[in-house]
Protein chains: 2
Amino acid sequence: MQSTTDWSCGVSRVMDLVAGKWKLNILWLIYNEEGIRFNQLKNRTIGITNIMLTRSLATLISAELVSNNLVGDKAPFKSKYYLTARGKSLVPLMQTLNDWGQNNL
Amino acid sequence: MQSTTDWSCGVSRVMDLVAGKWKLNILWLIYNEEGIRFNQLKNRTIGITNIMLTRSLATLISAELVSNNLVGDKAPFKSKYYLTARGKSLVPLMQTLNDWGQNNL
DNA sequence: CGGAATCCCTTGCGATACTG
DNA sequence: CAGTATCGCAAGGGATTCCG
């Protein structure tokens, strides 16, 4: 077993990456529909507002879990979101979280 | 695949259980030393204060992830902490978190 | 030894309105 | 369509002090 200090440090950093009210939900939606659009994400994330979706996406992009592809230089824009390789690597973790919830909630 | 709504609901509730700066670290320490004492937890959780350890433990106990066994009715007290069955069921999840951190941070 | 009480600061979250 | 600007509330986190 590794030292407790190493363990808690790594786990805390992982938690920081995905902490927040919306981030895991958004990651999951993008995983299920690569290239999903901003308004699609908004409509499928019950209760989220523009500003929270914008902020959450910005955080995910800066964490290199999500990438953005903006097409067009004038309205109507077409912005598509994808998981990066790093983002995709989180999928098993998200499924583990979901499994625990199914079995223990 | 289950519906996105069900997924996000379950995952959010799991995250709520373990969210916070100290809770997973504390769970891990108790897992590694059943019956660990308050001051042992404090000394092994770098930077935590009395009040934060008290609050975190109270939250974990009310979530039925940790149980407390207080011995004695006057100072010096001996308070011991244990994982409940529910708390132990989180161990694979914590290890998955740690594994992801080792591979991706 | 194992806490609790109080006060305070920072951060996250969100309502509303506006824009290229 | 895909955001941004502003303002404000509430919750989380923490320093300090005190206690049975």
Side-chain angles (χ1 to χ4, degrees), chain A residues 8-9 11-27 29-30 33-63 65-82, chain B residues 8-9 11-27 29-30 33-63 65-82:
Chain A
S8 80
C9 175
V11 168
S12 295
R13 290 166 68 195
V14 176
M15 291 297 288
D16 284 345
L17 275 183
V18 296
K21 190 167 178 177
W22 308 105
K23 279 190 274 184
L24 281 176
N25 195 349
I26 292 168
L27 282 173
L29 287 171
I30 300 176
E33 186 172 343
E34 290 282 326
I36 194 170
R37 309 277 295 279
F38 185 91
N39 277 340
Q40 290 178 310
L41 279 172
K42 188 185 168 191
N43 293 331
R44 293 176 198 184
T45 312
I46 308 301
I48 200 170
T49 59
N50 272 359
I51 190 68
M52 288 313 300
L53 181 52
T54 299
R55 284 179 195 166
S56 302
L57 285 168
T59 304
L60 291 169
I61 289 170
S62 73
L65 298 175
V66 167
S67 66
N68 183 15
N69 182 351
L70 178 57
V71 177
D73 58 350
K74 60 179 187 307
F77 304 113
K78 293 184 192 301
S79 192
K80 301 187 175 196
Y81 293 93
Y82 304 85
Chain B
S8 79
C9 176
V11 169
S12 295
R13 290 165 67 195
V14 177
M15 290 298 288
D16 285 345
L17 275 183
V18 295
K21 190 167 176 176
W22 308 105
K23 278 190 275 185
L24 281 176
N25 195 350
I26 292 168
L27 282 173
L29 287 171
I30 299 175
E33 186 171 344
E34 290 282 326
I36 194 171
R37 310 275 296 277
F38 185 91
N39 276 341
Q40 289 179 309
L41 279 172
K42 189 184 168 191
N43 292 333
R44 292 176 198 184
T45 312
I46 310 301
I48 201 170
T49 58
N50 270 0
I51 190 66
M52 288 313 301
L53 181 52
T54 299
R55 285 180 195 167
S56 302
L57 285 169
T59 304
L60 291 169
I61 289 170
S62 72
L65 298 175
V66 167
S67 66
N68 184 16
N69 183 350
L70 179 58
V71 177
D73 59 349
K74 59 180 190 304
F77 304 114
K78 293 184 191 300
S79 191
K80 300 188 175 194
Y81 293 93
Y82 303 86

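In the text below, chain A, chain B and the rest are named by the order of the sequence lines, each starting its count at 1.
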Discussion item. As an exercise, state the distance from CG of B:N68 to OH of B:Y82, rounded to the nearest 0.5 Å.
Written reply: 9.0 Å

Discussion item. Over all strands shown, is A:T54 touching base, sugar-phosphate only, or nothing at heavy-atom distances under 4.0 angstrom?
Written reply: base

Worksheet item: C:dG3, C:dA4, C:dT16: which one has an atom nearest the side-chain heavy atoms of A:I51?
Response: C:dT16

Item to complete: To the nearest Å, give me how far apart NZ (A:K23) and C1' (C:dT11) are.
Response: 12 Å

Worksheet item: Roughly how many Å is it from OH in B:Y81 to P in C:dG2, rounded to a whole number?
Response: 8 Å

Practice prompt. With heavy atoms under 4.0 Å as the rule, sort A:R55 into base, sugar-phosphate or nothing.
Written response: base

Worksheet item: Are the side chain of B:T45 and the backbone N or O of B:K42 linked by a donor-acceptor pair below 3.5 Å?
Response: no

Worksheet item: CD1 of A:I46 versus P of C:dC13: gap in Å, rounded?
Response: 18 Å

Worksheet entry | Rounded interatomic separation in angstrom, taking CE from A:M52 and C1' from C:dT16 | 15 Å

Worksheet item: DNA chain C: B:N68 or A:N50, which has the more 5' nearest nucleotide?
Response: B:N68

Practice prompt. Could you tell me which non-hydrogen atom of A:R37 sits nearest to which non-hydrogen atom of A:F77, and how far apart they are?
Written response: NH2-O, 3.6 Å

Worksheet item: So how far is it from A:I61 CD1 to A:Y81 OH, rounded to the nearest 0.5 Å?
Response: 5.5 Å

Practice prompt. Give the rounded distance in Å between these two atoms: CG of B:L70 and C1' of C:dA4.
Written response: 14 Å

Item to complete: Indicate whether OP1 or OP2 belonging to C:dG2 is found under 4.0 Å from a side-chain N or O atom of B:R37.
Response: yes

Worksheet entry | B:V66 side chain reached by B:I26 side chain, heavy atoms, under 4.5 Å | no

Discussion item. If you assign A:F77 and B:T49 each to the DNA chain D nucleotide with the nearest heavy atom, which residue ends up on the more 5' nucleotide?
Written reply: A:F77

Practice prompt. Just call it for B:K42: base, sugar-phosphate, or nothing, with non-hydrogen atoms closer than 4.0 Å on any strand.
Written response: nothing

Worksheet item: Do side-chain atoms of A:K23 reach the backbone of A:A19 as a donor and acceptor pair under 3.5 angstrom?
Response: yes

Worksheet item: Taking any atom under 4.0 angstrom from a heavy atom of chain A, which nucleotides of DNA chain D are the first and last to qualify, 5' to 3'?
Response: D:dC1 to D:dT6

Fill in: Non-hydrogen side-chain atoms of B:V11 and A:N25 separated by less than 4.5 Å
no

Practice prompt. Take the protein atom CH2 of A:W22 and the nucleotide atom C1' of C:dG12, then report the distance between them rounded to whole Å.
Written response: 12 Å

Practice prompt. Would you kindly give the CG-to-P distance between B:D16 and C:dG12, to the nearest whole Å?
Written response: 16 Å

Item to complete: Specify the separation, in whole Å, of atom CG of A:L53 and atom C1' of C:dT16.
Response: 17 Å

